Amino acid sequence: MSAERAGPALCLLWVATKAPWPPRDGGRLLQLETLRLLADPAGEVEVTLVAPVPRRERAAAVAALLPLCDPRLVAARPRPLPLAMVLAALRRLPLTAARHQLPAVGRRVVALAAAGRFDLVHAEQAQAMPQALAASDGGRPVPVLLRAQNVESELWRGDAEEGRSRRGWWRREAARVAQWEGAMVARAALTLAVTGRDAAALARLAPAAAIAALPVPFPAELPAGPPLPGAPAVTLLAGAGWRPNREGAERFVAATWPRVRERLPGAVLHLFGDVAVAAPGVTLHPVPADSAAAFAAGSLLVVPLAVASGVRMKVLEGWARGVPVVATPAAAAGLDAADGEQLLVAEAGEPLAAAIAALAGDGRDGAASPLRERLVAGGRELLRRRHHPPQVRRQLLAAYRRAADGPDRAARGRS
C-alpha cells in the first residue's frame with residue numbers, strides 16, 4: 001500500500017467490445033493508453049479485462065497486456081452482419097447493439113463476478129453495457145461506469161444526413177440507437193464522455209443520468225516514424241473496419257487528392273488501413289503493427305472525416321509525434337483546438353487541398369517552417385494542458401471511486 005493511498009485497492013472489471021491489442025485503431029489505442037495509466041506497482045488499482053479477440057490474435061494480445069492487467073480475453077468476434085440483423089429484428093435492438101452482444105463474453109463476466117469481489121465494472125462503449133451489467137447476475141449488485149468514446153447515435157444520424165440511398169432506414173436506425181444509448185447511459189452509475197460536447201449530447205439522451213467529461217490520456221511527446229517518400233508525404237489513417245474512417249478516406253481520394261496533386265505533383269498519399277482505392281500518387285499500406293510508421297518524420301497528417309464524434313486519437317498521436325495535422329471541421333470537433341494554432345481546419349474538396357498545399361509550401365528551400373513548428377508546438381502544449389496522463393489518472397480514479405462508493409455502498413456489502 002502506498003503512503004498516499006486512502007483505502008484498499010480498487011478492484012475493477014473492465015468489459016470491452018474489442019481487445020486493446022493490437023492498437024490498430026483509435027478505440028483500441030484509447031483503451032491501451034488508459035490501461036497504461038492505471039498500471040501501478042503500488043497496487044492502487046487492479047484491473048481484470050474481458051474482451052473478445054480473434055482466436056489467432058489471442059496469445060499475442062494476452063502477452064502484450066499481461067504487464068498492464070489480468071487479461072481474460074474471449075476468442076470471439078462481433079456477430080456477422082446478416083445474423084446481427086436477424087437478432088436485432090427479433091429483440092428490437094439497434095443493429096450495433098446486436099452485433100456486440102456476445103454470449104461468450106457475457107458468460108465470462110458472470111463467472112468472474114461470481115468468483116471475485118469487484119468494486120466496479122468499467123464498460124468501454126455503450127455496446128459493452130449489456131455484458132457489463134451481467135456482472136450483477138450472480139446476486140451481488142456491482143455498479144457500472146460507462147466510458148463513451150463517442151456518441152453512437154450522432155454517428156448514425158450523421159450517416160443518415162450524408163445522402164445514403166437508404167436514408168429512411170438510416171434515420172429510423174439512428175432513432176433506435178439514440179433510445180437504446182440513452183437507456184444504457186441511464187443504467188450506468190456514472191458515464192464519462194471524452195469531450196464536453198459529447199457529455200452534453202448524452203445528457204440530452206438521458207437527462208437524469210450522472211454524466212461527466214474527462215479528457216483522454218496521451219503523452220505530449222513520442223518519436224516520429226521513419227520518413228516516407230513524397231514531396232510532401234501525406235498520411236491518412238483509414239483504420240480497420242470503422243465505416244466513417246473508410247468512407248472519409250474514399251471521398252478524400254476521389255474529390256480532394258486530385259486537387260492536391262495539381263498543386264503538388266510530387267506529393268504521395270500514404271493510406272494506412274482496410275481501404276482499396278487506386279489513384280495516381282496513392283500508396284496503400286496495411287494497418288501498421290507499430291503506429292509510429294503512420295506518423296513519418298517530415299510528413300503531414302490529413303483527417304478528412306465527414307461524420308465524427310468523440311476525440312480523434314490519431315490527431316493526438318500526430319501532435320505527440322511532431323506531425324502537423326490538417327482536418328475537416330467534423331474531425332476537429334471536440335478537440336478544443338484552434339485553426340492555425342494546433343491544426344489547420346478546412347472543408348473537404350478545394351479548401352482542404354489548399355490547406356495541405358499551404359502547409360507543404362511553408363518553409364521550402366531549406367528554410368524553417370514557421371507554420372509547421374507553430375502547429376506542432378501548439379498541439380503538444382494542448383496535450384500537456386488537457387491530456388497529461390498523471391492529471392487524467394487522478395481524475396479517472398476520483399470518478400471510479402465516485403461510481404463505486406455511491407449511495408448503495410452499504411447494500412453492496414463493501415467493508
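None of the values given here were measured: they were computed from a predicted structure.
Evaluated for a side chain to side chain donor-acceptor pair (under 3.5 Å) with Glu124, the options Gln31, Arg28, Lys18, Gln149 yield exactly one hit, Gln149.
Using a 4.5 Å heavy-atom threshold, the side chains of Val326 and Val303 count as separate. Inter-residue side-chain proximity for Asp119 and Asp405 is flagged as unmet; no heavy-atom pair is nearer than 4.5 Å. Residues Glu250 and Val275 meet the side-chain proximity criterion, which asks for heavy atoms closer than 4.5 Å. Side-chain contact between Leu12 and Phe118 is absent, with no heavy atoms from C-beta onward closer than 4.5 Å. Here the side chains of Pro280 and Arg261 are in contact, with some heavy-atom distance below 4.5 Å. Between Val302 and Leu300 there is no side-chain heavy-atom pair separated by less than 4.5 Å. Taking the side chain as every heavy atom from C-beta outward, Pro54 and Arg77 approach each other to under 4.5 Å. For the pair Val392 and Val216, the minimum side-chain heavy-atom distance is 4.5 Å or more.
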Please list every donor-acceptor pair under 3.5 Å in which a side-chain atom of residues 339-355 meets a protein atom from a residue at least two apart or in another chain.
unit_1	atom_1	unit_2	atom_2	d
Asp339	OD1	Val345	N	3.0
Gln342	OE1	Ala338	N	2.6
Glu350	OE2	Arg263	NH1	3.2
Glu350	OE2	Arg263	NH2	2.1

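In this structure, His122 and Trp14 have parallel ring planes: the angle between them is below the 30° cut-off, well short of the 60° mark.
Remark: the backbone N or O of Leu102 is not paired with any side-chain donor or acceptor of Arg79 at under 3.5 angstrom. Without hydrogens or angle criteria, Ser153 side chain to Val177 main chain gives no donor-acceptor distance under 3.5 Å. Glu181 places a side-chain N or O within 3.5 Å of a backbone atom of Glu152 that can act as its donor or acceptor partner.
The two residues Ala399 and Leu145 make their nearest non-hydrogen contact at O-CD1, 3.9 Å. Taking every heavy atom of both residues into account, Ala296 and Ser299 meet most closely at O-OG, 2.6 Å. Closest approach of Ala279 to Val253, counting heavy atoms only: CB-CG1, 3.7 Å. Closest heavy-atom contact between Ala16 and Pro52: O-CD, 3.3 Å. Taking each heavy atom of Asp336 and Leu382 in turn, the nearest pair found is O-CD2, 3.9 Å. Scanning both residues, Pro389 and Leu37, for their nearest heavy atoms gives O-CD1, 3.0 Å.
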Show, in sequence, the C-alpha distance, side-chain angles and deciding distance for Leu112 and Thr48, and conclude whether the side-chain contact (heavy atoms from CB on, under 4.5 Å) test is met.
CA-CA 9 Å; Leu112 287 168; Thr48 300; 4.1 Å; yes

Test salt bridge (Lys or Arg N to Asp or Glu O under 4.0 Å) on Glu381 and Arg374 and set out the steps.
CA-CA 10 Å; Glu381 174 57 30; Arg374 182 169 77 245; over 6 Å; no

Stepwise side-chain contact (heavy atoms from CB on, under 4.5 Å) test for Val151 and Leu202
CA-CA 7 Å; Val151 182; Leu202 292 171; 4.1 Å; yes

Run the side-chain contact (heavy atoms from CB on, under 4.5 Å) test on Phe272 and Val287 for me, step by step, so that the C-alpha distance in whole Å, both residues' side-chain angles and the decisive distance to 0.1 Å come before the verdict.
CA-CA 5 Å; Phe272 293 82; Val287 177; over 6 Å; no

Just do the side-chain contact (heavy atoms from CB on, under 4.5 Å) check on Leu95 and Leu81 with the steps written out, would you?
CA-CA 8 Å; Leu95 181 58; Leu81 190 57; 3.6 Å; yes

I'd like to know whether Glu262 forms a salt bridge (Lys or Arg N to Asp or Glu O under 4.0 Å) with Arg259, so could you lay out the CA-CA distance, the side-chain angles of the two residues, the decisive distance to 0.1 Å, and finally the verdict.
CA-CA 5 Å; Glu262 288 174 4; Arg259 302 181 187 196; over 6 Å; no

Thr34 and Arg147: CA distance, side-chain angles, deciding distance, side-chain hydrogen bond (donor to acceptor under 3.5 Å, both in side chains) verdict
CA-CA 11 Å; Thr34 309; Arg147 181 167 68 176; 2.9 Å; yes

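Considering CD of Glu173 and CH2 of Trp180, their distance stands at 11.0 Å, rounded to 0.5 Å. Atom CD of Gln101 and atom CG of Leu87 lie 7.0 Å apart (nearest 0.5 Å). For the atom pair CG (Leu284) and CG (Leu271), the distance works out to 6.0 Å, reported to the nearest 0.5 Å. To the nearest 0.5 Å, atom CG of residue Leu146 and atom OG1 of residue Thr191 are 4.0 Å apart. In this structure, CD1 on Ile211 lies 10.5 Å from CG on Asp198, to the nearest 0.5 angstrom. Note: Asp25 CG to Met313 CE = 10.0 Å, rounded to the nearest 0.5 Å.
Within 6.0 Å of atom CZ in Arg55, 12 or fewer heavy atoms from other residues, nucleotides or ligands are found, so the atom counts as exposed in its surroundings. Atom CZ of Arg380 sits in a crowded spot, with more than 12 heavy atoms from other residues, nucleotides or ligands closer than 6.0 Å. By the 6.0 Å contact criterion, CD on Gln179 is open, its count of non-hydrogen atoms from other residues, nucleotides or ligands being 12 or less.
Every side-chain hydrogen bond (donor to acceptor under 3.5 Å, both in side chains) that Asp70 has, sequence neighbours left out, goes to Arg72.
Applying the side chain to side chain donor-acceptor pair (under 3.5 Å) definition to pairs two or more places apart or across chains, those involving residues 313-330 are Asn245-Lys314, Ser291-Glu317, Glu317-Arg321.
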